[in-house]
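Structure first, then comments.
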There are 2 protein chains.
Amino acid sequence: MSCHGTIIDQLRAAGVRLTPQRALVLDVVYHTDGHLTADQVYERVHAQSPQVDLSTVYRNLVFLRQQGLIGELRLEGQPVRFEAVRAGREHHHALCTHCGAMLELAQADLSSLQATLLDRYGFHLEPVHLTLSGLCQACAAAA
Amino acid sequence: MSCHGTIIDQLRAAGVRLTPQRALVLDVVYHTDGHLTADQVYERVHAQSPQVDLSTVYRNLVFLRQQGLIGELRLEGQPVRFEAVRAGREHHHALCTHCGAMLELAQADLSSLQATLLDRYGFHLEPVHLTLSGLCQACAAAA
DNA sequence: CTCCCAGTTGCAAATCTTCGCATCTGCATA
DNA sequence: TATGCAGATGCGAAGATTTGCAACTGGGAG
Ligand SMILES: [Mn+2]
Ligand SMILES: [Mn+2]
Ligand SMILES: [Zn+2]
Ligand SMILES: [Zn+2]
């Protein structure tokens, strides 16, 4: 069912209980490239295992996010979306408020901010999935 | 009713229609120091003007946020909160995931990030109200 | 292998937020 | 001051997300 042995071992090692529902949610998110809404995750989970409840999907999405295994994306005027946080492919998003273009930012793009916060406040910024907004290059040029 | 002449003039100049409901929502948010939920804003609006609907409050909170006049705060496990964006007192929030302490960040704390994004992607970061998470100095030291 | 229980689930209901639509109104214009 | 209409409102309903609770179960201890 799942081909995420490494992650599953990681969870087990963390003393996390691995239910079939949880494994399925993980599996669905990790088998998609895009950004899925909770409902889309539910649909796919449901296709495999019709008795699983939508609330269980929500609970596991929250859980997996807290574990740092999935990231969430909040875009203006649409439901929250989720995506896999793949080792080495972590990224954040920068959304153009003018044309809607979405740019992927590398974890490294935040390092200056990270340094600033550590320096000024002793605050250790967590590498959580961020969504920033602003103007993309094209739209800024046009304005 | 309202003592925010400057802001109201600003809105009028932007060709925005100023209804009594909108002015009230603006007034309520600007007369509070803390972070109010939509429901708390509604309660206070309702005390002044009982016929105003909750959906109107929501619509105006969204509207005023889009105008950059109020900021929103999304904290884990609680409804969205709103606060006034006062000229010269703009700030962001850094939340400690361990003890819940909330730190205020100055707009200037983001300037290194702003510079990085502009430099690397030509992306113009908007000074939107951000909430970052991580570990505060005390909790980081304890860990 | 069996027992046990903290953590998880399904379900129903609550809470939070958005939307459709008929009606209303701020305010620009004449 | 009267008129017109784009945009705003109230209300009901829908959509999105969270929660309470009794029953169930993964996986460690014996
Ligand atoms: Mn992404
Ligand atoms: Mn604040
Ligand atoms: Zn753009
Ligand atoms: Zn702390």
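In what follows, chains carry the letters A, B, and so on, assigned in the order in which the sequence lines appear, proteins first and then strands, with residues in each chain numbered from 1. Side chains included, hydrogens not; waters and symmetry mates left out as well; all remaining heavy atoms used.
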(message) What does the B/S/- profile of nucleotides 18-30 of chain D look like, 5' to 3', with a 4.0 Å heavy-atom cutoff to protein?
(response) BBB----BBS---
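- Salt-bridge check for R65(A) with E83(A): failed, with every basic side-chain N at 4.0 Å or more from each acidic carboxylate O.
- Scanning DNA chain C 5' to 3' for nucleotides with an atom closer than 4.0 angstrom to a non-hydrogen atom of chain A gives a first and last hit of dA6(C) to dC11(C).
- At a threshold of 4.0 angstrom between heavy atoms, the contacts of N60(A) are confined to the sugar-phosphate backbone, with no base atom among them.
- With 3.5 Å as the limit, one finds no donor-acceptor pair spanning the side chains of T97(A) and S133(A).
- When the P atom of dG15(D) is taken as reference, atom OH of Y42(A) falls 15 Å away, rounded to whole Å.
- One interatomic measurement links the two molecules: CZ of R22(B) to P of dG10(D), which rounds to 12 Å at whole-angstrom precision.
- In this view, R81(B) and H35(B), T37(B), Q40(B), L73(B), Q78(B) satisfy the side chain to side chain contact (heavy atoms under 4.5 Å, CB included) rule, not counting sequence neighbours.
- Residues L117(B) and H124(B) fail the side-chain proximity criterion, which asks for heavy atoms closer than 4.5 Å.
- Each of G15(B) and V52(A) was assigned the nucleotide of DNA chain C with the nearest heavy atom; the assignment lying further toward the 5' end belongs to V52(A).
- Hydrophobic cluster membership is shared by Y121(A) and L113(B), with clusters built from Ile, Leu, Val, Met, Phe, Trp and Tyr side chains linked at under 4.5 angstrom.
- A donor-acceptor contact shorter than 3.5 Å links the side chain of Y30(B) to the backbone of V85(B).
- Side-chain polar atoms of T56(A) and R22(A) form no donor-acceptor pair below 3.5 angstrom.
- Residues H91(B) and Q107(B) have side chains that never bring a donor and an acceptor to within less than 3.5 angstrom of each other.
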